[in-house]
Novice: 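Before I ask anything, let me first share the structure, which is written out below as structure tokens.
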Amino acid sequence: MLPVFALADCNNFYVSCERVFNPKLEGKPVIVLSNNDGCVVARSEEAKALGIKMAVPVFEVDSIIKKNKVLVYSSNYALYADMSKRVMNTIKEFVPKIEIYSIDEAFLDLSDFENYNLDKYCREIKKTVEKWTGIPVSIGISSTKALAKIANRLAKKSKKAKGVLDLTAKTYQNRALEAVEVSDVWGVGRSYSEFLTKKGILTARELRDADTNVIRRKMGVEGVRLINELKGVSCYPLEANPPPKTGITVSRSFKTPIKTLKGLSEAVSNFISIGAEKLRKEKGAAGEVSVFIMTNRFRDDYYSKSKSCLLTVPSSDTSELISCALKSLRAIFKKNQLYKRAGIMFGKIVSEKNIQQDFFDKKDRDLSKKLMKTLDKINIKVGTSSVKYAALGVTKKPGWKAARERLSKKYTTDWGELPEVKM
DNA sequence: TCTGGGGTCCTAGGACCC
DNA sequence: TCTGGGGTCCTAGGACCC
């Protein structure tokens, strides 16, 4: 049985989510911004047509926005995460083996669907997702993940494909790969793209047919795998069960820079608290805690420093992790700097089941576990940060909190913000 | 003036060992 | 001018993804 993959990818996902609950946005240029309302992270087709590029800082496209009355939204992650879940659940009704690759993409394993008309089946999936969730998706089909990615790209672009393209047949692959620029191939970023262009490799087809040795020297084993994938030899299997996380990061940029150690301590404590919650959800414990702080990276006098500390016994206890992080923070804090961004990282994560105990450990681990369990329970039930450590601070609008000035409502996850329908 | 956040994988090179 | 060789482990940094 030959492997067959499909990639289902939501069109302009964040914008599409906003449109589901605000149909007035249909047909208009709409963009969604990153945290702190900094960069453009999603664009409607109309916004793309105006020349607004992905990931540009908003201030650079201010004039385009004003001139064309582009509608601007802050990221509403609670809404997008919930919509994503709905889309994925719908897909699972059709294909049991799927890999959720990102918030708006999933790989589907269609190897068991040999006797199906895949084009027809995927159109059925597409239609149902749109009907049940309101989110438009495109689906590309082929024998490897990299080719499915390419098929998906063409499915989105081509008028004839109408959102679904089956690229399993070798006969179409040459022409399809010629139509895709090398920089648009999965796994080719800015640096590799520059290198390949210099070598005269401009399309996906030319990359597929390139000298493996040349590619290997620059792009390593991943480059060779990529060439094989383009040739139709599957190197990346479907990962239905994601492996446990090896690290957890929480970081934020500050709209207004933070100057004081006190201010940073509060921010860092909050990041630890968010990360520790994630860690416990994953049923893990961290063996290492790192802290990093930095000033504005777009300036010449940029200062950045990080420090990590090892725990004798891996832990997921918020208070223990906070005190560990604050010790590192005090060591790297430099006065008279305007800190623009800070963050924490948990490393050396192990499963809470096989924590190596320490003979001299003085901490009551069972008590700590009970305390954390209760803390999580209350916060899930009553609301985030209902119960928290004093180190996190009590200011209503602290400086480290992201600015989100154009936020839509939590239509699907908050009773108080349900959409109203007037009959 | 304003520039996101969270991940993974691979490689080169240093430290250390016998 | 000469200066072992080979292995392992770890880390920092670069590249990529969304």
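By convention in this document, chain letters (A, B, ...) are assigned in the order of the sequence lines, proteins followed by strands, and residues within each chain are numbered from 1. These numbers come from the heavy atoms of this one structure, side chains and all, not from hydrogens, waters or symmetry mates.
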Novice: Contact class for A:K145 (heavy atom, under 4.0 Å): base, sugar-phosphate, or nothing?
Specialist: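 It contacts nothing in the nucleic acid.
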Novice: Would you find more than 12 non-hydrogen atoms of other residues, nucleotides or ligands less than 6.0 Å from A:Y236 atom OH?
Specialist: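 Above 12, so yes.
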Novice: More 5' along DNA chain B: A:T249 or A:V221, using each one's nearest nucleotide?
Specialist: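 With A:T249 and A:V221 compared, the 5'-side residue is A:T249.
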Novice: Tell me whether the OP1 or OP2 atom of B:dT3 has a side-chain N or O from A:S253 closer than 4.0 Å.
Specialist: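 Looking at the OP1 and OP2 atoms of B:dT3, neither is under 4.0 Å from any side-chain N or O of A:S253.
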Novice: Is there a side-chain contact between A:R252 and the phosphate of B:dG6, meaning an N or O under 4.0 Å from OP1 or OP2?
Specialist: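 Result: yes.
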Novice: Taking CD in A:E181 as the centre, count heavy atoms belonging to other residues, nucleotides or ligands within less than 6.0 Å. Is the count above 12?
Specialist: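 Check fails, neighbour count at 12 or below.
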Novice: Does A:R404 place a side-chain N or O at less than 4.0 Å from the phosphate oxygens OP1/OP2 of B:dG4?
Specialist: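 Answer is no, no contact under 4.0 Å.
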Novice: Could you tell me whether A:K145 sits above the aromatic face of A:F107, with NZ or CZ closer than 6.0 angstrom to the six-membered ring centre and within 45 degrees of the axis?
Specialist: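 Yes, A:K145 sits over the ring of A:F107.
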Novice: How are the rings of A:Y14 and A:Y77 set to each other: parallel, tilted or perpendicular (split at 30° and 60°)?
Specialist: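 Judged by the thresholds at 30° and 60°, the geometry between A:Y14 and A:Y77 is perpendicular.
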Novice: By the 4.0 Å heavy-atom rule, please label A:K340 as base, sugar-phosphate, or nothing.
Specialist: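 Result for A:K340 = sugar-phosphate.
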Novice: Quick check on C:dC16: is either OP1 or OP2 less than 4.0 Å from any side-chain nitrogen or oxygen of A:K149?
Specialist: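 For C:dC16, OP1/OP2 do not have a side-chain N/O of A:K149 under 4.0 Å.
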Novice: Tell me whether the OP1 or OP2 atom of B:dC10 has a side-chain N or O from A:R225 closer than 4.0 Å.
Specialist: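 Looking at the OP1 and OP2 atoms of B:dC10, one of them is under 4.0 Å from a side-chain N or O of A:R225.
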Novice: At under 4.0 Å between heavy atoms, what does A:I248 touch on the DNA or RNA strands: base, sugar-phosphate, or nothing?
Specialist: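 Since only primed, P, OP1 and OP2 atoms lie under 4.0 Å of A:I248, the category is sugar-phosphate.
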Novice: Quantified in whole Å, what is the C1' atom distance between nucleotide B:dC16 and nucleotide C:dG4?
Specialist: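 Here B:dC16 and C:dG4 have their C1' atoms 16 Å from each other.
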Novice: So, is A:R299 close to the B:dT3 phosphate, meaning a side-chain N or O under 4.0 Å from OP1 or OP2?
Specialist: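 So the side chain of A:R299 is outside the cut-off, no N or O lying under 4.0 Å from OP1 or OP2 of B:dT3.
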Novice: Considering every strand and a 4.0 Å limit on heavy-atom distances, what is the contact class for A:V56: base, sugar-phosphate, or nothing?
Specialist: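 If one applies the 4.0 Å heavy-atom cut-off, A:V56 turns out to touch nothing in the nucleic acid.
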Novice: How many Å lie between CD1 on A:I100 and C1' on B:dG7, as a whole number?
Specialist: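 The distance from CD1 of A:I100 to C1' of B:dG7 comes to 16 Å, rounded to the nearest Å.
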Novice: Would you say a side-chain N or O of A:S34 is under 4.0 Å from OP1 or OP2 of B:dG5?
Specialist: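 A:S34 to B:dG5 OP1/OP2: no side-chain N or O under 4.0 Å.
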Novice: Which base sits across from C:dG14 as a Watson-Crick or G-U pair, both distances under 3.5 Å?
Specialist: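 By the stated definition (distances under 3.5 Å), B:dC9 pairs with C:dG14.
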Novice: Considering every strand and a 4.0 Å limit on heavy-atom distances, what is the contact class for A:V185: base, sugar-phosphate, or nothing?
Specialist: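 Counting heavy atoms under 4.0 Å across all strands, the contact made by A:V185 is with sugar-phosphate only.
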Novice: Looking at every strand, decide which applies to A:G343 at a 4.0 Å heavy-atom threshold: base, sugar-phosphate, or nothing.
Specialist: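 If one applies the 4.0 Å heavy-atom cut-off, A:G343 turns out to touch nothing in the nucleic acid.
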